[in-house]
**Student:** 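Please read through the structure below; I'll follow up with questions.
Values below: all heavy atoms of this structure, side chains included; hydrogens, waters and symmetry mates excluded.
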Amino acid sequence: MASQHDVMDCYEKIAPLTGRMLALARAGDWAGLVLLEQQFQSCVERLKEIELAAPLEPSQLVRKHDLLSRILADDAEIRDIVTPELAQLSTLLGNMHRQQHLNHAYGQ
């Protein structure tokens, strides 16, 4: 069984990670974003594994709510930035795939 501190520690680590991820997404630093995404996933997995021995204190619940609000807001903005980039990449890959088929069919 984990302590309340363990749970809050996870949220305290995740919130700044999403903030840094947002900064990297805004800057178009996709390699850096992927590296932080791995850290983010590790923290989330740890959080999923935690079973609390006792419920969070009221002050911890307020802090958790604040952190979650920040995490979700950052995540939404990251998605807004990344989604068009992924669509553009998908289009590019589709075009490359069609070009390969044409090259194969008609030779080069």
Side-chain angles (χ1 to χ4, degrees):
M1 291 275 177
S3 71
Q4 298 160 327
H5 174 75
D6 294 331
V7 169
M8 294 309 298
D9 186 54
C10 285
Y11 285 108
E12 294 286 351
K13 286 180 181 175
I14 292 170
L17 269 176
T18 57
R20 291 192 343 244
M21 289 168 64
L22 177 55
L24 291 171
R26 286 176 178 158
D29 183 351
W30 310 123
L33 183 59
V34 168
L35 289 175
L36 286 185
E37 172 69 19
Q38 292 168 349
Q39 292 178 29
F40 173 84
Q41 286 298 327
S42 176
C43 290
V44 169
E45 289 304 316
R46 170 71 182 120
L47 189 57
K48 287 179 183 179
E49 295 171 358
I50 293 175
E51 292 183 36
L52 276 176
L56 295 175
E57 301 289 328
S59 63
Q60 290 172 317
L61 287 172
V62 169
R63 179 67 179 151
K64 177 183 166 185
H65 179 269
D66 291 343
L67 291 168
L68 275 173
S69 294
R70 193 168 111 202
I71 291 164
L72 292 173
D74 288 348
D75 182 65
E77 192 170 342
I78 291 166
R79 288 176 194 271
D80 288 345
I81 294 168
V82 171
T83 299
E85 294 292 329
L86 290 174
Q88 183 179 358
L89 180 60
S90 179
T91 300
L92 179 63
L93 289 173
N95 290 341
M96 288 175 57
H97 185 70
R98 281 188 291 282
Q99 185 63 44
Q100 285 177 338
H101 277 281
L102 287 172
N103 288 343
H104 186 270
Y106 298 103
Q108 188 149 348

**Student:** Rounded to the nearest 0.5 Å, what separates atom CD in Q39 from atom CE in M21?
**Tutor:**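 Reported to 0.5 Å precision, the distance equals 9.5 Å.
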**Student:** Considering non-hydrogen atoms only, spot the tightest contact between C43 and L17 and give its length.
**Tutor:**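 Where C43 meets L17 most closely, the heavy atoms are SG-CD1, 4.0 Å.
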**Student:** Among all residues two or more places apart in sequence or in another chain, which pass the side chain to side chain donor-acceptor pair (under 3.5 Å) test with Q4?
**Tutor:**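 Here no residue qualifies.
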**Student:** Should L35 and L24 be marked as a side chain to side chain contact (heavy atoms under 4.5 Å, CB included) after you check the CA-CA gap, both sets of side-chain angles, and the distance that decides it?
**Tutor:** CA-CA 10 Å; L35 289 175; L24 291 171; over 6 Å; no
**Student:** Can you tell me how far the CD atom of Q60 sits from the CG atom of L67, to the nearest 0.5 Å?
**Tutor:**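 It is 11.5 Å, given to the nearest 0.5 Å.
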**Student:** Can you tell me how far apart CG (L22) and CG (L36) are? Round to the nearest 0.5 Å.
**Tutor:**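 Those atoms lie 11.5 Å apart.
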**Student:** Using 0.5 Å steps for rounding, measure from the CZ atom of F40 to the CD1 atom of I78.
**Tutor:**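 Nearest 0.5 Å value for the CZ-CD1 distance: 8.0 Å.
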**Student:** Should T18 and L72 be marked as a side chain to side chain contact (heavy atoms under 4.5 Å, CB included) after you check the CA-CA gap, both sets of side-chain angles, and the distance that decides it?
**Tutor:** CA-CA 9 Å; T18 57; L72 292 173; over 6 Å; no
**Student:** Does Q38 offer a backbone N or O that forms a donor-acceptor pair with the side chain of S42 under 3.5 Å?
**Tutor:**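 Checked: no pair found.
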**Student:** Could you name each residue pair satisfying side-chain hydrogen bond (donor to acceptor under 3.5 Å, both in side chains) that touches residues 19-34, not counting sequence neighbours?
**Tutor:**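 Residue pairs with at least one partner in residues 19-34: R26-E77.
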**Student:** Sequence neighbours left out, what pairs pass salt bridge (Lys or Arg N to Asp or Glu O under 4.0 Å) with at least one residue falling in residues 59-74?
**Tutor:**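 Residue pairs with at least one partner in residues 59-74: E12-R63.
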**Student:** Are V62 and I14 connected into the same hydrophobic cluster when the rule is that any two of I, L, V, M, F, W, Y join if their side-chain heavy atoms are below 4.5 Å apart?
**Tutor:**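 No, no single cluster joins them.
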**Student:** Search all heavy atoms of A25 against all heavy atoms of I81 and return the closest pair with its distance.
**Tutor:**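 What the structure gives for the nearest pair is O-CG2, 3.5 Å.
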